[in-house]
Amino acid sequence: MTNFLSQTREELIRALDGLGISHNHSKLLFNQVYRDLKRFPGDSPGLSKKGKDKLRNLLVQTPNIKSLKTSQEDQSIKFIVALGDGKLVETVLMPEKSRLTLCLSSQVGCAQRCTFCHTGRMGLARNLTVGEIVGQVFLINEWLENQKFEFSSNNLKKITNIVFMGMGEPLDNFENLVRSIKILTDPWGLALPPRKIAVSTAGHLDGMVKLQKEDLKVSLALSLHIIDEKKRSKLMPINKRYPLSLVIDQAKKYSKAINRAVLIQYTLFSGVNDSPMDAVYLSNFLKNTNFKVNLIPFNSFDNSNFQRPSDEQLINFQSILIKNNIRSMIRYSKGRDIGAACGQLALQ
Ligand code: SF4
């Protein structure tokens, strides 16, 4: 059996060509799978019986939805998704005015072990395959199509934006990430514009360099959180391998290459990185860049060693950035009440 969702267009064309399926019909199959959400390409109308027989082994294979929880605060939905080997990951759907964003997982767990992150405590079990990454998108689009209700913020029935901000460090699963992006942006398939896909990283320098070389033009989000190299290495062990000074230089290069701002994620932890002095350090650090900053108050979870700052601290922090001409927004993570917010994703 071949999973349709794990194949790039070129690979499928080659395989289908070998089966005597024409180029035009291959295009039609792409449309039927990604836009019409048909699971059995072999049932495609217009195919001869011989053609249908040949396509018997080509299936759309996705993970399964094991359970879901809907946020009462903002209608975000957290899906627990079961993979073929029984492992579980989380995928979060976030409705907003004029868009439906899906937060994808790229790994089961994560090897980076950032001290504030629930996923980091799980350690890494394994990378997700291309079929499992693209499969999350197919699965949730299919789920959306079968729902009768509409979100209060929009009446969309298809995912419009993707963020690789779920479980895992996406650049640690580089090959599968890149192949998935190629499939998700393919004009024959979902045709998601690259700017509507954001890859988030804790600062994986090698991965950032390789991503730029791939020239996929996707957006980049850098989880920065603290400027001081020593403190950052404690908070985010990846900093010992890839110091922030080098990571930020690469982020500037990436921004120039895609001609768009890189998004800086700065989670505020009370008493750790939320003082007025920290805001000044951050402003100086980002001076002369076109980066945008998302200020995110920490979302707590059981046994966390960190606290959420007060709203006053948060507003104070932002006002210092604004005074220093740093573009910033306070982002309250969606799905807090269902454990779906930034840093809260984890499964036992
Ligand atoms: S914050 Fe991201 S990179 Fe760090 S442990 Fe969590 S999932 Fe991994």
Side-chain angles (χ1 to χ4, degrees), residues 78 80-81 83 87-92 94 102-128 132-133 136 162-174 176-177 180 197-208 210-211 218-226 229 231-244 246-248 250-251 262-269 272-273 293-306 308 331 333-336 339-348:
K78 177 169 83 171
I80 309 265
V81 169
L83 308 173
K87 295 216 169 1
L88 305 173
V89 290
E90 298 184 336
T91 305
V92 184
M94 298 173 288
L102 192 66
C103 178
L104 290 183
S105 288
S106 53
Q107 297 182 302
V108 183
C110 182
Q112 296 303 338
R113 297 188 180 272
C114 301
T115 51
F116 53 84
C117 171
H118 212 183
T119 309
R121 289 191 176 181
M122 295 169 63
L124 176 68
R126 69 169 174 86
N127 283 335
L128 262 60
E132 288 166 342
I133 296 173
Q136 292 170 70
I162 283 176
V163 290
F164 283 91
M165 294 184 187
M167 296 167 79
E169 160 59 58
L171 296 177
D172 266 341
N173 186 9
F174 189 80
N176 292 347
L177 171 78
S180 302
I197 297 180
V199 173
S200 175
T201 179
H204 192 304
L205 181 58
D206 288 348
M208 290 164 73
K210 284 197 286 177
L211 189 67
V218 288
S219 303
L220 182 71
L222 171 63
S223 298
L224 193 149
H225 307 320
I226 198 158
E229 297 272 10
K231 289 184 188 164
R232 193 169 189 270
S233 293
K234 264 194 176 167
L235 198 68
M236 306 172 74
I238 194 172
N239 196 70
K240 291 180 201 156
R241 188 167 162 212
Y242 300 122
L244 183 59
L246 302 181
V247 168
I248 206 77
Q250 177 53 33
V262 165
L263 183 68
I264 298 292
Q265 310 268 43
Y266 192 97
T267 301
L268 287 105
F269 307 97
V272 176
N273 64 351
V293 182
N294 269 355
L295 298 172
I296 308 158
F298 174 61
N299 301 299
S300 201
F301 54 85
D302 284 350
N303 305 321
S304 164
N305 300 324
F306 297 91
R308 189 181 177 85
R331 296 284 292 190
S333 290
K334 290 184 167 287
R336 270 178 60 201
C342 294
Q344 287 184 324
L345 298 183
L347 291 156
Q348 301 311 315

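Predicted model, so just to flag it, every value in this text is computed and none were measured. We use all heavy atoms of the structure for the numbers below, so side chains are in, but hydrogens, waters and symmetry mates are not. In listed order, ligands and their atoms are each counted from 1.
For a distance bound of 2.8 Å, the N, O or S atoms of Cys114 include none lying that close to atom 8 (Fe) of ligand 1. Within the 2.8 Å limit, Cys117 places at least one N, O or S atom next to atom 6 (Fe) of ligand 1.
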Handout entry: Worked check of side chain to side chain donor-acceptor pair (under 3.5 Å) between Gln107 and Asp172
Key = CA-CA 9 Å; Gln107 297 182 302; Asp172 266 341; 4.6 Å; no
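Here the shortest heavy-atom distance to atom 7 (S) of ligand 1, taken over Gly168, Ser223, Gly203, Gly123, belongs to Gly168.
Using a 4.0 Å cut-off between charged nitrogen and carboxylate oxygen, Glu132 and Arg126 count as a salt-bridge pair.
Atom CD1 of Ile226 and atom CG of Leu244 lie 10.5 Å apart (nearest 0.5 Å).
Close approach to Gly120 involves these atoms of ligand 1, each under 4.0 Å from a residue heavy atom: 5 (S).
Residues meeting the side-chain contact (heavy atoms from CB on, under 4.5 Å) test with Ser304, sequence neighbours left out: Phe298, Ser300, Phe301, Phe306. Scanning for ring-ring contact (aromatic ring centres under 6.0 Å, His included) contacts around Tyr242 gives His204, with sequence neighbours left out.
Between Arg113 and ligand 1 there is a heavy-atom distance shorter than 4.0 Å.
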